[in-house]
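Let me give you the structure first, and then I'll get to my questions.
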Number of protein chains: 2
Amino acid sequence: MTSRRRAEFPSPCRTALDESLEPELFQALCDPVRLSLVAHLAASGRALTVTEASQCCGIHFSGVSRHLALLKRAGVVRAEKHGREVHYRLEVGALTSTLRGLADALEACWDEGQRARA
Amino acid sequence: MTSRRRAEFPSPCRTALDESLEPELFQALCDPVRLSLVAHLAASGRALTVTEASQCCGIHFSGVSRHLALLKRAGVVRAEKHGREVHYRLEVGALTSTLRGLADALEACWDEGQRARA
DNA sequence: AGTAGACTTGCGCAGATATGCAAATATTAG
DNA sequence: CTAATATTTGCATATCTGCGCAAGTCTACT
């Protein structure tokens, strides 16, 4: 069975793309409050406590706590407990390489698809 | 008024970050069906009709039509009407540069924040 | 004109999500 | 040990979202 049919089956770039498109990350970033938190964390250049983070968005800190927990589950932030406060730090490296990896995977797939059509 | 206080006010990189973090894109990409559509469009390397696109995800084509319309509003895809069918094409260029721009903005803000703390 | 095909849109429903408040759980300070 | 502080979690509510179906548009074909 050669490549008579145009790849509808796992081409390597398609696999890479599917991995990059894991919904968790985007679900984590699809809320405006969470985006504010990410921006705030990025701009601070350090870890923030829940109370500090709460100041960037007009909602109750319990909500912020939930949002940060969600961002943590998605791998966007990292939590470090210091005494009675929890410091949330943006995972800049992981986040940026995921985003760039996604851009690369999109381009690779698109190019391959176009080449296959030529 | 010099920089005695650590920038809580519009630093250029923070402005760039806020622009990159527009919620629309992430809201568009936060749904698993829409992610499948994006992957399918990317892998196809061409424009797909609604009916074609519907084949990648197990839902009714009216839902797919809505999803594609939403992706269009977010600038993820482009619609071209040809006769009675509508061809949706992934905006690869725009998408990849947005993603890379976001990664750059995150890094820039983080680095600036760290330098300010030093 | 009339029919068939491709897509969009109105509607109602079911499930998910965000939010505030209050109570529970640490952990530090006195 | 008790009080105070920081965070998480249970609960109720309000809102949003995705879905299928059916009806409506628009275009092509005969």
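These values consider heavy atoms only, across backbone and side chains, with no hydrogens, waters or symmetry-generated copies. Residue numbers begin at 1 in each chain, while the letters A, B, ... track the order of the sequences.
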- Rounded distance [0.5 Å steps], CG in B:Leu29 versus CG in A:Leu21: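 One gets 8.0 Å once the value is rounded to the nearest 0.5 Å.
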
- Report yes if at least one side-chain N or O of A:Lys81 is closer than 4.0 Å to OP1 or OP2 of D:dA6; otherwise report no.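 No, because none of the side-chain N or O atoms of A:Lys81 sits under 4.0 Å from OP1 or OP2 of D:dA6.
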
- Expressed in angstrom and rounded to an integer, what is the separation of B:Glu85 atom CD from C:dA4 atom C1'? 14 Å

- Query: Are any side-chain N or O atoms of B:Arg78 and backbone N or O atoms of B:Glu91, one a donor and one an acceptor, separated by less than 3.5 Å?
  - Reply: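 No; judged by distance alone, with no hydrogens or angles, the pair does not exist.
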
- Message: Using OP1 and OP2 only, check whether a side-chain N or O of B:Tyr88 sits under 4.0 Å from C:dA6.
- Response: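 Result: no.
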
- Could you give the CD-to-C1' distance, from B:Gln27 to D:dG18, as a whole number of Å?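 From B:Gln27 CD to D:dG18 C1': 14 Å.
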
- Query: Nearest-Å distance, NE2 (B:His67) to C1' (D:dC19)?
  - Reply: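 About 8 Å, once rounded to whole Å.
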
- Item | Phosphate-side-chain proximity, A:Arg84 and C:dT25, N/O vs OP1/OP2 below 4.0 Å | no

- Item | Phosphate OP1/OP2 of C:dT8: any B:Ser65 side-chain N/O under 4.0 Å |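 For C:dT8, OP1 or OP2 has a side-chain N or O of B:Ser65 closer than 4.0 Å.
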
- Item | For atom CZ of B:Phe61 and atom C1' of C:dA6, their distance in whole Å |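 Nearest whole value for this atom pair: 8 Å.
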
- Once you round it to whole Å, what is the distance between P of D:dG18 and CG of B:Leu71?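 Atom-to-atom, B:Leu71 to D:dG18, this comes out as 10 Å.
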
- Task: Return no unless some side-chain N or O of A:Arg34 is found under 4.0 Å from OP1 or OP2 of C:dA18.
- Result: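 Answer yes for this pair, as a side-chain N or O of A:Arg34 is under 4.0 Å from OP1 or OP2.
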
